[in-house]
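Quick notes on the structure that follows.
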Number of protein chains: 2
Amino acid sequence: MALLSTPSPARRPRADAERNRQRVVETARALFAVRGDEVQHAEIAREAGVGVGTVYRHFPTRQSLVEAAAEQRFAEILAFARELADGLASYLEHVGEVLDADRGLSAVIEAARGSTESEPRGQARAHLEEAVAELIARDQRAGILSPTCTVSDVYMITGALSAVVRTRSGDWRRFLTIVLEGLRPR
Amino acid sequence: MALLSTPSPARRPRADAERNRQRVVETARALFAVRGDEVQHAEIAREAGVGVGTVYRHFPTRQSLVEAAAEQRFAEILAFARELADGLASYLEHVGEVLDADRGLSAVIEAARGSTESEPRGQARAHLEEAVAELIARDQRAGILSPTCTVSDVYMITGALSAVVRTRSGDWRRFLTIVLEGLRPR
DNA sequence: ACCTGAACACCGTTCAAGT
DNA sequence: ACCTGAACACCGTTCAAGT
């Protein structure tokens with residue numbers, strides 16, 4: 001049976017295909033950062049030096065292209081969570097800064113979210129969960145974070161923070177102040 | 001000079017025009033509630049029993065149509081804030097319930113926001129500011145709300161709440177719990 | 001095996017003709 | 001003065017032909 005269909009057993013892609021894929025993601029990320037959701041596929045293709053068809057070959061849906069661009073941001077946040085964050089407060093502040101620095105991408109992510117239901121599920125995102133759980137546990141042991149605080153809470157707050165950064169960019173630190181106050185032990 | 005251009009000194013519209021306008025807004029609101037941002041102008045026109053051109057005559061941009069639909073929701077929230085809310089907590093809980101009950105409209109509002117910058121500025125929205133200020137002052141006098149809490153804070157929180165309801169519908173009460181805890185006096 | 005880009009489809013918007 | 005809806009424009013997506 002298996003001999004017949006050969007359902008693509010994860011062969012390595014051709015070198016030029018991989019190169020094209022990279023160029024498309026990087027180009028998209030750069031354009032999203034500057035002009036947000038108004039950048040169109042034709043422009044990404046032109047700027048990346050490939051045909052539109054190539055963009056669609058690698059990313060059959062806009063959602064998948066957006067996720068690939070977002071994955072890089074998750075990876076950066078993950079690195080911070082593991083190496084530099086000295087607690088939940090500093091972690092969330094860093095997330096706020098990253099979101100604030102690239103609001104174009106946030107807008108694109110939000111726009112792409114509407115159509116499909118699924119949350120983005122990349123490599124970095126999966127590992128982030130562990131890192132955040134570690135930060136929470138550490139603060140709780142130190143007695144500076146409520147024992148009721150969960151990873152789910154932090155994800156929820158991150159989503160809310162993203163909305164605040166997008167709509168009231170100047171106020172996101174105030175928002176974090178309130179939320180962190182609400183998460184203190186009592 | 002003024003004799004020449006007659007810049008439409010707010011004459012009353014023709015009866016059928018006003019009726020059409022009403023029908024379009026109501027139809028749009030009903031369709032948005034069910035299918036969110038995917039409903040298209042042609043469908044709204046058909047369902048309302050008018051031509052597409054009529055939709056565009058009354059609402060030159062999608063944003064303006066969305067605002068008209070949203071205004072009704074603001075009016076409802078305003079009425080609650082004035083008559084039924086017995087404090088900020090009960091007000092925000094009601095907002096959460098309203099947002100949760102009509103997530104379709106929230107999605108449409110969010111989608112329309114991307115293109116233009118301006119916040120919606122209808123009648124109800126303007127009056128809401130006073131009503132919220134009153135709720136805040138009352139709670140502060142009662143000593144159950146931090147003196148640092150402002151109307152701006154509440155608007156910010158409402159925006160965040162809207163995002164939480166949209167993306168993690170089951171968790172919005174937990175979100176409010178945290179935020180309200182963070183707004184207690186100390 | 002992958003790439004290209006012209007062709008197609010879809011949908012938002014306009015505007016000439018009608019009442 | 002307002003309405004209608006066919007025509008137009010724009011842009012996302014596909015796919016036949018090419019390397």
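Note that these values count all heavy atoms, side chains included, but never hydrogens, waters or copies made by symmetry. Proteins get letters first, then strands, A, B, ... in listed order; numbering begins at 1 in each.
Rounded to whole Å, atom P of C:dG12 lies 6 Å from atom CZ of B:Arg62. Between B:Arg46 atom CZ and D:dA6 atom P there is a gap of 13 Å when expressed in whole angstrom units. Taking atom CG on A:Asp16 and atom C1' on C:dA1, their separation rounds to 9 Å, with Å as the unit. To the nearest angstrom, P of D:dG12 lies 12 Å from CG of A:Leu65. D:dG12 atom C1' lies 16 Å from atom CD of A:Gln63, rounded to whole Å. Separating the CD1 atom of B:Ile44 from the C1' atom of D:dG5 is a distance of 17 Å, rounded to the nearest angstrom.
The phosphate of D:dC3 (OP1 or OP2) has a side-chain N or O of B:His58 nearer than 4.0 angstrom. An OP1 or OP2 oxygen of C:dC2 is reached within less than 4.0 angstrom by a side-chain nitrogen or oxygen of A:Arg57.
Of the residues in residues 17-41 of chain B, those lying under 4.0 Å from DNA chain C by heavy-atom distance are B:Gln40, B:His41.
A side-chain N or O of B:Ser106 and one of B:Arg73 form a donor-acceptor pair less than 3.5 Å apart.
A salt bridge does not link A:Arg21 with A:Glu26: none of the charged nitrogens is closer than 4.0 Å to a carboxylate oxygen. A salt bridge links A:Asp102 to A:Arg29: one of the charged nitrogens lies within less than 4.0 Å of a carboxylate oxygen. A salt bridge links B:Arg35 to B:Glu43: at least one charged side-chain nitrogen sits closer than 4.0 Å to a carboxylate oxygen. A salt bridge links A:Glu181 with B:Arg186: the distance from a Lys NZ or Arg NE/NH1/NH2 to an Asp or Glu carboxylate oxygen falls below 4.0 Å.
Closest approach to the B:Val52 side chain among C:dC2, C:dT14, C:dA6 is made by C:dT14 (side chain taken as heavy atoms from C-beta onward). Here the side chain of B:Tyr56 is nearest to one of D:dT14, C:dC3, C:dT14, namely C:dT14.
Taking the six-membered ring wherever Trp is involved, the centroid distance between the rings of A:His127 and A:Phe74 does not fall below 6.0 Å.
For B:Pro60 and B:Arg14, each mapped to the nucleotide of DNA chain C holding its nearest heavy atom, the one lying further toward the 5' end belongs to B:Pro60.
With hydrogens and angles ignored, the 3.5 Å screen pairs no side-chain donor or acceptor of B:Asp139 with any backbone N or O of B:Leu145. A:Ser64 contributes a side-chain N or O that, together with a main-chain N or O of A:Thr61, makes up a donor-acceptor pair within less than 3.5 Å.
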### Message
Could you walk me through whether B:Glu97 and B:Arg173 satisfy the salt bridge (Lys or Arg N to Asp or Glu O under 4.0 Å) test, starting with their C-alpha distance in whole Å, then the side-chain angles of each, then the deciding distance to 0.1 Å, before giving a yes or no?
### Response
CA-CA 9 Å; B:Glu97 273 156 16; B:Arg173 285 175 195 278; 3.2 Å; yes
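Remark: DNA chain D forms stems of 3 or more consecutive Watson-Crick or G-U wobble pairs, all pair distances under 3.5 Å, at C:4-8 with D:12-16, C:12-16 with D:4-8.
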